[in-house]
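Take a look at the structure below.
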Amino acid sequence: MNDIALHITQIGQELPAGTRLVAVSKFHPAEAIMEAYEAGQRIFGESRVQELVAKYETLPKDIAWHFIGHLQTNKVKYIAPFISLIHSVDSEKLLSVIDGEAAKCGRTVDCLLEIHVAQEESKYGFTPDSFREWLAGNPLGKYPHVRVRGLMGMASLTDDDRRIDREFGELKRLFDEVKASGKVDASVFDELSMGMSHDYRLALQHGSTLVRIGTSIFGDRGY
Ligand SMILES: *Cc1c(COP(=O)(O)O)cnc(C)c1O
């Protein structure tokens with residue numbers, strides 16, 4: 001077995017039933033993706049539209065592509081026809097553009113709303129409080145071509161496991177609160193995307209259903 005296949009298998013064995021692996025293949029070539037594919041992996045995560053579209057066009061059509069990076073509204077149209085899940089919806093503006101592009105291709109696009117819980121400054125993601133406030137106005141009904149499937153978040157980049165633990169815990173509590181709030185369709189609100197190479201084991205302890213792992217599968221991206 002090659003290294004990529006081995007890593008896919010080993011990580012897979014750590015995941016509880018109901019948690020899926022998103023193999024983050026950004027900056028890695030098609031050959032690396034195919035090694036993971038041959039090992040049975042079907043969900044791949046990318047963070048740049050151009051790179052994702054190029055890979056989508058050349059790689060097997062039964063791959064479920066997930067978009068995990070910051071998505072500019074003017075690029076939504078390139079991925080709307082085929083994207084399986086957008087993890088990183090960080091504004092109502094983006095949600096409305098996805099809704100419009102999805103409608104044009106006769107699709108309903110699955111999305112997660114990105115919540116900012118880490119200590120680092122970020123332009124992207126709702127803070128938990130701004131998210132609660134926004135949701136209180138019942139915004140989602142305006143976007144019938146978007147299906148909000150859950151939340152996504154990143155913990156701080158730190159060696160302090162207690163901080164990471166606290167942040168994933170906060171995200172999980174927010175997820176449970178929102179699911180019970182009546183502001184989302186609870187019957188499809190079932191994904192909590194959290195955990196990367198260095199912190200996915202902590203994320204699993206807090207009920208992550210999608211771990212997004214790149215480096216531990218494919219090695220360094222060289223930046
Ligand atoms: C790159 C990236 C990952 C994967 O990170 P690794 O540390 O390589 O596992 C996960 N989530 C997001 C949003 C990313 O941009």
Side-chain angles (χ1 to χ4, degrees), residues 1 3-28 32-33 35-48 52 55 63-71 83-90 110-118 120 122 124-125 148-176 178-179 188-221:
M1 214 190 284
D3 282 356
I4 290 174
L6 190 65
H7 295 146
I8 295 273
T9 305
Q10 284 171 343
I11 294 166
Q13 284 163 353
E14 292 182 58
L15 302 183
T19 301
R20 294 178 297 158
L21 170 62
V22 180
V24 176
S25 48
K26 64 188 184 195
F27 299 98
H28 292 286
I33 296 177
E35 285 186 25
Y37 182 89
E38 304 292 350
Q41 181 65 26
R42 289 295 180 274
I43 306 175
F44 291 89
E46 290 282 338
S47 60
R48 291 179 173 191
L52 168 56
K55 286 173 173 171
I63 289 178
W65 293 102
H66 287 198
F67 194 83
I68 63 169
H70 177 64
L71 181 55
I83 198 72
S84 169
L85 180 65
I86 300 174
H87 289 231
S88 42
V89 176
D90 57 5
D110 282 357
C111 292
L112 307 179
L113 299 166
E114 180 175 352
I115 308 296
H116 182 67
V117 290
E120 291 95 12
S122 171
Y124 307 128
V148 173
R149 299 295 311 275
L151 303 180
M152 179 273 226
M154 275 179 273
S156 298
L157 277 173
T158 171
D159 293 331
D160 180 357
D161 279 2
R162 282 174 313 172
R163 175 180 272 279
I164 296 174
D165 198 60
R166 221 182 311 126
E167 291 168 352
F168 285 150
E170 182 180 8
L171 209 48
K172 169 62 171 162
R173 279 192 305 281
L174 182 64
F175 174 86
D176 290 340
V178 167
K179 187 174 169 79
V188 298
F189 193 85
D190 46 23
E191 301 287 3
L192 183 54
S193 168
M194 57 186 192
M196 306 167 44
S197 290
H198 67 284
D199 60 13
Y200 71 90
R201 291 184 180 96
L202 284 169
L204 291 176
Q205 290 173 15
H206 289 283
S208 171
T209 67
L210 289 166
V211 288
R212 310 176 310 268
I213 299 181
T215 308
S216 292
I217 296 171
F218 298 108
D220 284 336
R221 287 178 287 271

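Residues: numbered from 1 along the sequence shown.
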First locate atom [atom1] of [X], then atom [atom2] of [Y], and finally report the distance between them rounded to the nearest 0.5 Å.
X: Ile11; Y: Leu6; atom1: CD1; atom2: CG; value: 9.5 Å
X: Leu171; Y: Ile115; atom1: CG; atom2: CD1; value: 7.0 Å
X: Arg149; Y: Ile86; atom1: CZ; atom2: CD1; value: 13.5 Å
X: Ile4; Y: Ile217; atom1: CD1; atom2: CD1; value: 8.5 Å
X: Glu14; Y: Leu204; atom1: CD; atom2: CG; value: 7.5 Å
X: Met154; Y: Arg212; atom1: CE; atom2: CZ; value: 6.0 Å

Exercise: identify the closest heavy-atom pair between [X] and [Y]:
X: Ile83; Y: His66; value: CD1-C, 4.1 Å
X: Ser84; Y: Asp110; value: O-CB, 3.6 Å
X: Met152; Y: Ser88; value: CE-CB, 4.5 Å
X: Thr19; Y: Ser208; value: OG1-O, 2.9 Å
X: Gly214; Y: Ser197; value: N-OG, 3.7 Å
X: Ala203; Y: Gly195; value: CB-CA, 3.5 Å

Say whether His206 and Asp165, considering side chains only, have a donor N or O and an acceptor N or O under 3.5 Å apart.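 Short answer, yes.
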Within the 3.5 Å criterion, strictly below it, is a donor on Thr209 or Glu191 matched to an acceptor on the partner's side chain?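 Side chains of Thr209 and Glu191: pair found under 3.5 Å.
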Quick check on Arg42: does its CZ atom have over 12 non-hydrogen neighbours (other residues, nucleotides or ligands) under 6.0 Å away?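 Check passes, neighbour count above 12.
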Do you know which of Leu15, Leu85, Leu192 makes side chain to side chain contact (heavy atoms under 4.5 Å, CB included) with Leu210?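 Of all the options given, the one that passes is Leu85.
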Backbone N/O of [Y] and side chain of [X]: donor-acceptor pair under 3.5 Å:
X: Gln41; Y: Ile43; result: yes
X: Lys55; Y: Ser25; result: yes
X: His87; Y: Ile68; result: no
X: Glu38; Y: Ala5; result: no
X: Thr158; Y: Asp160; result: yes
X: Asp199; Y: Met196; result: yes

Could you walk me through whether Thr215 and Asp220 pass the side chain to side chain contact (heavy atoms under 4.5 Å, CB included) check? CA-CA 5 Å; Thr215 308; Asp220 284 336; 3.6 Å; yes
For the pair Arg163 and Glu167, find out whether any cationic side-chain nitrogen is under 4.0 Å from an anionic carboxylate oxygen.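 Judged by the 4.0 Å cut-off on N to carboxylate O distance, Arg163 and Glu167 do form a salt bridge.
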Taking the side chain as C-beta and beyond, is there a heavy-atom pair between Val117 and Leu174 under 4.5 Å?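 Counting from C-beta outward, Val117 and Leu174 never come under 4.5 Å.
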Is the ring pair Phe218/Phe44 parallel, tilted or perpendicular, if the boundaries are 30 and 60 degrees?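 Phe218 and Phe44: tilted rings.
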Show, in sequence, the C-alpha distance, side-chain angles and deciding distance for Leu157 and His198, and conclude whether the side chain to side chain contact (heavy atoms under 4.5 Å, CB included) test is met. CA-CA 9 Å; Leu157 277 173; His198 67 284; 4.0 Å; yes
